[in-house]
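Reading through the structure tokens given below for one structure.
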Amino acid sequence: MAEPKKLEIKSEVKELYVNYIPEGYEEKLAAQDYKGTYVKIVGESAPGKKPLLVLHGGPGDTHAYLYDLALIADKYQRQVIFYDQIGCGKSWCEGMGEDFYNYDLWVNEYYAVKEALGLDDFHLFGNSWGGMLGMLCMMKDDSGVNSFVINSSPVLIQAWLDAANNLIKFLPLEMQNALAEAEATGNYDTIQARAAFDEYYKRHVTGFYEKDYPEHIAYAFSHVGECYMIMQGASEFVVTGKMRDWDIREGVKNIKVPCMALSGGDDEGSPAVVKMGVDLIPNCEWTLIPGAPHICSVTHPDESCEAVENFISRFE
């Protein structure tokens, strides 16, 4: 694979904050200079093209790792809107306690961002947890959304874990053993465990070893919020947080917005995981990018942006 290039976006970028302050936490957030939900708007839409709102994963991974999607603004003259969900990146807060973090926190934030920006006619994209969040929102109130791209997001968390643990079996034996020991002891910082995680991430998540991360990927992974540990847990392979019972198989049957699943051939969100959602969401389409990992937009930006644009442009 070629060396990662520094991501350069030519379109104009605007930054702002949306006043999203969950009720009951006003003083706690004010005490740490929380500014609200950070929003980055890239480019302007050509006539007839609706903006694309992007939901990042984690929870808590920041918008930065998906910034290759800003190329849609450059290549297709479509405005792309990113935001850092509360608790990470430039929407940082900490020490909030476990009760603060729950699905409703981010669902309500989505509607707050939508209202503040006047988004009543747009397209939606969500990667990983972002796709899960998007599905929750589409099940609740899909007003204003013309189409939805679900990028490697499970409808059942156990299916995701089963697939991830199956992929571990293809790592060298010493790495399998290192990961098993880390899961058993809770110590993920040994040299062996870190090397095993790095190999797994290179193969199935980022497409790069940590030492080769593009700048925007490195930034995202260094600004993950405390919410990740509370919602997900310590690793990709065992969910110990609040997402451990995630199962929306019944709910997604009622999604009415035109949907397309997007995933990679080497994705930790394996075809079996993605197909489960495709089969349940009415008339859901599916684009598979050969050789792409979980964050397909960083290793295959042209193919990813083209797949997104080709789908959403049918629903203007």
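These values consider heavy atoms only, across backbone and side chains, with no hydrogens, waters or symmetry-generated copies. What you are looking at is a predicted structure, and each value in this text was computed from that prediction instead of being measured.
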Quiz item: Does S153 reach the main-chain N or O of N127 with its side chain, forming a donor-acceptor pair under 3.5 Å?
Solution: no
Quiz item: Hey, would you say the Y209 and Y201 ring centroids sit under 6.0 Å apart?
Solution: no
Exercise. Answer yes if the side chains of S143 and D141 hold a donor-acceptor pair under 3.5 Å, and no otherwise.
Key: yes
Quiz item: Is N165 reaching over with its side chain to a backbone N or O of F237, donor-acceptor style, under 3.5 angstrom?
Solution: yes
Quiz item: Do L119 and I81 touch side chain to side chain, with heavy atoms closer than 4.5 Å?
Solution: yes
Quiz prompt | Close aromatic pair by centroid cut-off 6.0 Å: Y20 and Y110 | solution = no
Quiz item: Going hydrophobic residue to hydrophobic residue with side-chain gaps under 4.5 angstrom, can you get from Y200 over to Y228?
Solution: no
Self-check item: Side chain to side chain, V205 and P293, heavy atoms closer than 4.5 Å
Solution: no
Self-check item: Taking every non-hydrogen atom, the tightest pair across A193 and A178
Solution: N-CB, 4.0 Å
Practice problem: State whether the side chain of R244 and the backbone N or O of T240 hold a donor-acceptor pair below 3.5 Å, judged by distance alone. | Solution: yes
Quiz prompt | Side chain K242, main chain Y101, donor-acceptor under 3.5 Å | solution = yes
Quiz item: Does the separation of the ring centres of W160 and H204 fall below 6.0 angstrom?
Solution: no
Quiz prompt | S128 side chain to H294 side chain, donor-acceptor N/O pair below 3.5 angstrom | solution = yes
Self-check item: S91 side chain vs Y38 backbone, donor-acceptor pair below 3.5 Å
Solution: yes
Quiz item: To the nearest 0.5 Å, how far apart are CD1 in I72 and CZ in F125?
Solution: 7.5 Å
Quiz prompt | CG-CE distance between N283 and M260, expressed to the nearest 0.5 angstrom | solution = 15.0 Å
Quiz item: Strictly by modelled atom types, are H123 and S147 linked by a side-chain donor-acceptor pair under 3.5 Å?
Solution: yes
Quiz prompt | Closest heavy-atom pair and its distance - L171, E199 | solution = CD2-CG, 3.7 Å
Quiz item: Are a donor atom and an acceptor atom from the side chains of E306 and Y76 found within less than 3.5 Å of each other?
Solution: no
Quiz item: Taking the side chain from D68 and the backbone from P301, do they hold a donor-acceptor pair closer than 3.5 Å?
Solution: no
Practice problem: Please check if atom CZ in R314 has more than 12 non-hydrogen atoms from other residues, nucleotides or ligands closer than 6.0 Å. | Solution: yes
Exercise. Tell me, yes or no, whether the heavy-atom count around E285 atom CD, taken from other residues, nucleotides or ligands under 6.0 Å, exceeds 12.
Key: yes
Practice problem: Flag the pair E15 and K90 as a salt bridge only when some basic side-chain nitrogen lies within less than 4.0 angstrom of an acidic carboxylate oxygen. | Solution: yes
Quiz item: Counting N and O atoms only, with roles assigned by atom type, does the side chain of Q32 sit under 3.5 Å from a partner on the main chain of E94, one being a donor and the other an acceptor?
Solution: yes
Quiz item: Counting N and O atoms only, with roles assigned by atom type, does the side chain of N151 sit under 3.5 Å from a partner on the main chain of L262, one being a donor and the other an acceptor?
Solution: yes
Quiz item: Where is the tightest heavy-atom contact between F148 and F311, given as atom of each residue plus distance?
Solution: O-CE2, 3.9 Å
Quiz prompt | salt bridge (charged side-chain N to carboxylate O under 4.0 Å, His left out) evaluation trace for K50 with D121 | solution = CA-CA 7 Å; K50 307 179 191 307; D121 197 11; 2.9 Å; yes
Quiz item: Y25 and F100: side-chain contact (heavy atoms from CB on, under 4.5 Å), yes or no, with the steps?
Solution: CA-CA 8 Å; Y25 291 92; F100 180 73; 3.5 Å; yes
Quiz item: Would a 4.5 Å heavy-atom cut-off, applied to side chains only, mark C227 and W106 as touching?
Solution: yes
Quiz item: Can you tell me how far CH2 of W129 sits from CE of M231, rounded to the nearest 0.5 angstrom?
Solution: 5.5 Å
Self-check item: Interatomic spacing from CG in L52 to CG in L69 - rounded to 0.5 Å
Solution: 7.0 Å
Exercise. State the CD1-CD1 distance between I281 and I255, to the nearest 0.5 angstrom.
Key: 4.5 Å
Self-check item: Trace of the side-chain contact (heavy atoms from CB on, under 4.5 Å) decision for I217 with V298
Solution: CA-CA 8 Å; I217 302 297; V298 73; 3.8 Å; yes
Quiz item: Going hydrophobic residue to hydrophobic residue with side-chain gaps under 4.5 angstrom, can you get from L53 over to L136?
Solution: yes
Quiz item: Can you check side-chain contact (heavy atoms from CB on, under 4.5 Å) on L16 and L117, steps first, answer last?
Solution: CA-CA 10 Å; L16 57 91; L117 300 182; 4.0 Å; yes
Quiz item: Are the side chains of H300 and S304 in touch, meaning some heavy atoms are under 4.5 Å apart?
Solution: yes
Quiz item: What are the two closest non-hydrogen atoms of A70 and V42, and how far apart are they?
Solution: CB-CG1, 4.1 Å
Self-check item: side-chain contact (heavy atoms from CB on, under 4.5 Å) assessment of V13 paired with I41
Solution: CA-CA 6 Å; V13 175; I41 302 172; over 6 Å; no
Self-check item: Side chain D247, main chain R249, donor-acceptor under 3.5 Å
Solution: yes
Practice problem: Examine distances only and state if a side-chain atom of D84 and a backbone atom of G89 form a donor-acceptor pair shorter than 3.5 Å. | Solution: no
Practice problem: Count the heavy atoms belonging to other residues, nucleotides or ligands that lie under 6.0 Å from CD of E215, then report whether that count exceeds 12. | Solution: no
Quiz item: Hey, are N177 and E181 close enough side-chain-wise for a donor-acceptor pair under 3.5 Å?
Solution: no
Exercise. Check the surroundings of atom CD in E316: do more than 12 heavy atoms from other residues, nucleotides or ligands lie under 6.0 Å from it?
Key: yes
Exercise. Kindly compute the distance separating NZ (K114) from CG (D120), expressed to the nearest 0.5 Å.
Key: 7.0 Å
Self-check item: Salt bridge present between K256 and D142 (N-O < 4.0 angstrom)
Solution: no
Self-check item: N-O pairing of K75 and D302 below 4.0 Å
Solution: yes
Quiz item: What residue among K49, Q77, R78, K14 forms side chain to side chain contact (heavy atoms under 4.5 Å, CB included) with E44?
Solution: K14
Quiz item: Which atom pair, heavy atoms only, marks the closest approach of M135 to P154?
Solution: CE-O, 3.8 Å
Quiz item: With a 3.5 Å cut-off and no angle check, do the side chains of E109 and Y83 form a donor-acceptor pair?
Solution: no
Exercise. Evaluate the ring planes of H63 and Y67, with Trp represented by its six-membered ring, and classify them as parallel (under 30°), tilted (30 to 60°) or perpendicular (over 60°).
Key: perpendicular
Quiz prompt | CG/L173: more than 12 non-hydrogen atoms of other groups inside 6.0 Å | solution = yes
Quiz item: Does some side-chain heavy atom of I86 sit less than 4.5 Å from a side-chain heavy atom of C93?
Solution: yes
Quiz item: Does F170 CZ have over 12 foreign heavy atoms under 6.0 Å away?
Solution: no
Self-check item: Contact summary for C137 and Y111, nearest pair of heavy atoms
Solution: O-OH, 2.9 Å
